[in-house]
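First listed ligand is number 1; within each ligand, the first listed atom is number 1.
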Amino acid sequence: MKAIVKPTSQLQGEINALSSKNYTTRYLLIGALADGTSTIYYPAHSEDSDAMRRCVRDLGAIIEEDDEKIVITGFGKNPKHVSELNVGNAGAVLRFLMSTAAFCPDVTFVNTYPESLGKRPHDDLIDTLQQMGVEVQHSNGRLPITIKGGQPRGGKLTVSGNVSSQFLSSLLFMTPLLEEDSEIEVLHDLKSKIIVGQTLEVLAQAGIIVHASEDLMHYRIPGGQSYQAKEYVIQGDYPGSAAILAAAAVTNSDVRVLRLEENSKQGEKACVDVLRAMGVNLTHEDGVVHVRGNQKLIAGEFDGDHFTDAVLAMVAAAVFAEGTSRFYNVENLRYKECDRITDYLNELRKAGADVEERQSEIIVHGKPQGVTGGVEINAHFDHRVIMALTVVGLRSEKGLIIRDAHHVAKSYPQYFDHLRSIGAQVELVNE
Ligand SMILES: O=C(O)C1=C[C@@H](OP(=O)(O)O)[C@@H](O)[C@H](O)C1
Ligand SMILES: C=C(OP(=O)(O)O)C(=O)O
């Protein structure tokens, strides 16, 4: 599918935020790891959340669903001995389930996105699984990956955190089910640290005890625990909504996004502060972010690791700011669906933006007068590139054509419908 994004100067209306992808994957997992029946209200419906649903079902969870909820009966620590799992292009789903798969004798995670997830490294988690006595076959740390588990061991474990926090989260979900206690030391650095808070939050809700050090670099996890079956309610999704808010920020707008909790643990809620720091006129009260954009933004400097999945949308807003913006501490964006520094900036340049890259920084020389556009954009299999380039297209002189825009469905299938409902001129054409 091709998205033809036409210049649009005005956006107006109200959007109900999509449901959080990262909470949906977590609650599906802990529902599957519980012995009883849990209920998840308002789950996300996207390729990534569907991938988790499909895989836990393959592993033996029983799932019933209707329009508002999923009812899931888990398999505890006794998943079905499947031979193959397909996580699609979902990094978190793969990494979370690699540890769960250690309870199975022989499971292969297949490589269905060789150009995207197939290029992402998983060595750090493979190392830890090997410390636990699990045999892992892999191609240079990448898919396809075969886990030959059975009886993984706890004890003293280390995991590197400087590529992804998902490896640590994965171990935090699985180690409470081991017979013996575990101690996890995070080596090097811990990127996307803030999202580990979401993992600890849902573990506590399921009655799991984890002793975490204040800096989130050391953990003591008592073994022999079991997940309680509970009821969970999914909140609105900040990473996806960040793109809607950025679109409102770069146009003349009066846009309200509902269901965005002020006290959420999602790091990407910082996008509200980033836009405010850029001079955007907005309020955030009672779960509603209300943007009244006037196309005027000012540049700023931001630690992007605090809002990793919203960085691309914030960079898109900075393209139109007065002055030079700097997003630092973002090296791990290179290990996502595409290289979100080099690949993304190449597409931004095609659209007419003035951007520079460093190994762990994105620098944007703003163009308040707008960019020319009028070119075709390569999506690089990346939903966040698609969403961010759409924002740029709306404020361009000649619009943008985004190829392979259907990949937006990885996290936000209704993105273009939502944008059109507030007045964005976007045409979708089957290629
Ligand atoms: O734990 C999670 O659900 C996620 C962690 C983050 O990844 P990294 O830790 O690799 O940055 C984030 O980018 C991803 O979308 C979801
Ligand atoms: C990086 C992302 O997801 P994942 O790592 O789960 O593929 C994302 O949603 O932006």
Taking only heavy atoms of [X], which atoms of ligand 2 are found under 4.0 Å from at least one of them?
| X | result |
| --- | --- |
| K410 | 3 (O), 4 (P), 7 (O) |
| K336 | 1 (C) |
| H383 | 8 (C), 9 (O), 10 (O) |
| D309 | 8 (C), 9 (O), 10 (O) |

At less than 4.0 angstrom from any non-hydrogen atom of [X], what atoms of ligand 1 do you find?
| X | answer |
| --- | --- |
| N22 | 3 (O), 16 (C) |
| D309 | 12 (C), 13 (O), 14 (C), 15 (O) |
| K336 | 6 (C), 7 (O), 8 (P), 10 (O), 11 (O), 12 (C), 13 (O) |
| S164 | 8 (P), 9 (O), 10 (O) |

Q. A90 to ligand 2: N or O pair under 3.5 Å?
A.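 No, no N or O pair falls under 3.5 Å.
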Q) Any N/O of V93 closer than 3.5 Å to an N/O of ligand 2? A)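 Such a contact does not occur with ligand 2.
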Q. Are H418 and Y412 an aromatic pair by the rule of ring centers under 6.0 Å?
A.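 Yes, they do, as the ring centres are separated by less than 6.0 Å.
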How far is [atom] from the closest protein heavy atom, and which atom is that?
| atom | result |
| --- | --- |
| atom 9 (O) of ligand 2 | K21 NZ, 2.6 Å |
| atom 6 (O) of ligand 2 | A92 N, 2.8 Å |
| atom 2 (C) of ligand 1 | I195 CD1, 3.3 Å |

Q) Given R26, Q166, K21, which has its nearest heavy atom closest to atom 3 (O) of ligand 1? A)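 Of the listed residues, R26 has the closest heavy atom.
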Q.
Quick test of your reading of the structure: of R384, E268, R120, E47, whose heavy atom lies closest to atom 5 (O) of ligand 2?
A.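 Looking at heavy atoms only, the winner is R120.
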Q: Answer with yes or no whether R95 contacts ligand 2, where contact means a heavy atom under 4.0 Å from a ligand atom.
A: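 Distance cut 4.0 Å: R95 fails for ligand 2.
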**Q.** E361 bridged to R326 by N-O distance under 4.0 Å
**A.**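 So E361 pairs with R326 through a salt bridge.
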Q. Does T25 come within less than 4.0 Å of ligand 1, judged by its heavy atoms?
A.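 It does not; every heavy atom stays at 4.0 Å or beyond.
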Q) Are any of the heavy atoms in F96 under 4.0 Å away from ligand 1? A)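 Yes; F96 lies near enough to ligand 1 that a heavy-atom distance drops under 4.0 Å.
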Q | side chain to side chain contact (heavy atoms under 4.5 Å, CB included), paired with T100, selected from L85, V107, L33 | A |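 Testing each of L85, V107, L33 against T100, the sole residue satisfying side chain to side chain contact (heavy atoms under 4.5 Å, CB included) is L33.
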Q | Distance-only N or O hit between ligand 1 and R384, under 3.5 Å | A |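 By distance alone, the answer is no.
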Q. Which atom names give the shortest non-hydrogen contact between S170 and L125, and what distance separates them?
A.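 Of all heavy-atom pairs spanning S170 and L125, the closest is OG-CD2, 3.8 Å.
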Q | Donor-acceptor under 3.5 Å (N332 side chain, V163 main chain) | A |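 Confirmed, N332 side chain pairs with V163 backbone.
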Q: Starting from the C-alpha separation in whole Å, work towards a yes-or-no answer on salt bridge (charged side-chain N to carboxylate O under 4.0 Å, His left out) for E47 and K410.
A: CA-CA 5 Å; E47 287 172 6; K410 183 175 189 285; over 6 Å; no
(Q) Checking contacts here: is it the side chain or the backbone of R340 that comes within 4.0 Å of ligand 2, counting heavy atoms only? Could be both or neither. (A)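 Side chain only; the backbone of R340 stays clear of ligand 2.
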